[in-house]
Amino acid sequence: MPTFSTPSRDVIYLDYNATTPVCDEAREAALPFLSDAFGNPSSGYALGREARRALETARAQVAALVNAEPDEIVFTGCATESNNLALKGAVEDWRGKKLVTTSVEHPSVLNPALYLVEQGAEVVFLEVDETGRPDPATAARTAAGGCALVSVMHANNETGTILPVAEIREALGPDVLLHADCSQSLGKLPVDVAALGVDLATFAGHKVYAPKGVGALYVRRGVKLAPLFHGGGQERGLRSGTENVALAAAFGAACEAARRALPGSRKRLADLSARLHGRLAERVPGLLLNGHPEQRLPNTVNLSFPGVTGEAVLSSCPRLAASTGAACHGPEVSVSHVLAAMGLSRDRAAGAVRLSVGLPTVEDEVDAAADMLAAAWESLTGRRK
Ligand code: PLP
């Protein structure tokens, strides 16, 4: 299990899907490359070779966590960049080409997809059912007759719903290029690029206890991509620019720690989130779980509190760090595109709170958070004076 020696603040952090603290393994792996081991991995002398070795070790560590070959991992600056590289790079000229994706993707897929529409692509956003999952047969029907890329996230960041990526591959057949945004599933679930049947997969360092500023794209051997940046040809020409050795080393070490921790960490996260959900359900009649009841990330519960907005609940809990499914702009409530795509009523979506636990979370924090949230709801709905 990764270890965490940084002192925690006086806050109950239940927003691990937004970002994670840096684990000791990641910090220690990065430190030499922020100090005397400052060489450029492209330099032929010892200092450069030392940096190159660290970079290649990190690549192998990321690859091992996802059942890829090291040379199939391209380091990027973040998951947003990986998603942009996958979508924009899959085809050099998108005019007249088709991209199929889903309506519940992260903006870092949705917005490049909209950009491709401006470049002349035909883009189809698949609908999802009330649990947030697209239908594989519909995906295959939509992609039939020539489709340049299908992009489907592995797990949704807001609800934790796991999307049927392997089933979509099966329905599509082997010839269509398939990309999965695995930013949220990495480290929480086994992510096996071969079992998923993907050609391209996105990962983010800061969701797995590495620092912000590093991501990766899995590019299956033989898949051709056009780069976003042109320059010195680093990362097999797919990501020119001197590599960020320190952060890549941190990401590698975090992946290594995550690989050793699975499957125990998955069970631990599932137990903690079930405890949180259970305690809240006891105190809040009418509390609803959003997303798929079983096909879900072990660490995420997205819950709708009846008769209130999630924003009001969370602002009554200043010691708790968590996210809402809607943002209020004055009297206007803008509901998350994910909950809207699942067909949730406005009230249910407005009452949504996303609680995501992480490896440093302990039972006492979960119990205290449940008490705070339940008390806030009781007070807002007049059940408590
Ligand atoms: N994809 C998913 C599913 C995410 O949850 C996130 C971040 O929340 C991203 C992509 C983008 O990550 P980053 O902001 O690190 O580029």
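Just so you know, ligand 1 is whichever comes first in the structure, and atom 1 is the first atom listed for that ligand. Because only heavy atoms are used, hydrogens play no part in the values below, and waters and symmetry mates are left out as well, while side chains stay in.
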N/O donor-acceptor pair under 3.5 Å between T300 side chain and G160 backbone: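 Pair absent, no side-chain N/O of T300 close to backbone of G160.
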Just heavy atoms, cut-off under 4.0 Å: does [X] contact ligand 1 by side chain, backbone, both, or neither?
X: M153; answer: side chain
X: D181; answer: side chain
X: A79; answer: both

Minimum-distance protein heavy atom relative to [atom]:
atom: atom 5 (O) of ligand 1; answer: Q184 NE2, 2.8 Å
atom: atom 7 (C) of ligand 1; answer: K207 NZ, 2.8 Å
atom: atom 10 (C) of ligand 1; answer: S108 OG, 3.3 Å
atom: atom 4 (C) of ligand 1; answer: H106 CD2, 3.3 Å

Value rounded to 0.5 Å, distance of CG in L314 from CG in L373: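 It comes to 6.5 Å.
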Please set out all donor-acceptor pairs under 3.5 angstrom arising from side-chain atoms of residues 249-260, sequence neighbours excluded.
| unit_1 | atom_1 | unit_2 | atom_2 | d |
| --- | --- | --- | --- | --- |
| E256 | OE2 | R259 | NH2 | 3.4 |
| E256 | OE2 | R260 | NE | 2.9 |
| E256 | OE2 | R260 | NH2 | 2.7 |

With R59, the salt bridge (Lys or Arg N to Asp or Glu O under 4.0 Å) member among E235, E72, E69: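 With R59 as partner, E235, E72, E69 yield a single salt bridge (Lys or Arg N to Asp or Glu O under 4.0 Å), made by E235.
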Test salt bridge (Lys or Arg N to Asp or Glu O under 4.0 Å) applied to D71 and R236, R220, R221, the passing residue: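 When R236, R220, R221 are each tested with D71, the salt bridge (Lys or Arg N to Asp or Glu O under 4.0 Å) holds only for R221.
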Parallel, tilted or perpendicular: ring planes of Y209 versus F4, cut at 30 and 60 degrees: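 Ring orientation, 0 to 90° scale: perpendicular.
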E81, any N or O under 3.5 Å of ligand 1 N or O: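 It does not: no N or O of E81 is found under 3.5 Å from an N or O of ligand 1.
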H206-ligand 1 polar pair, N/O distance under 3.5 Å: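 Between H206 and ligand 1, an N or O pair is found under 3.5 Å apart.
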Verdict with reasoning, H292 to L297, per side-chain contact (heavy atoms from CB on, under 4.5 Å): CA-CA 10 Å; H292 198 285; L297 290 176; over 6 Å; no
Those atoms of ligand 1 less than 4.0 Å from some heavy atom in T80: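 Per the distance check, 11 (C), 13 (P), 14 (O), 16 (O).
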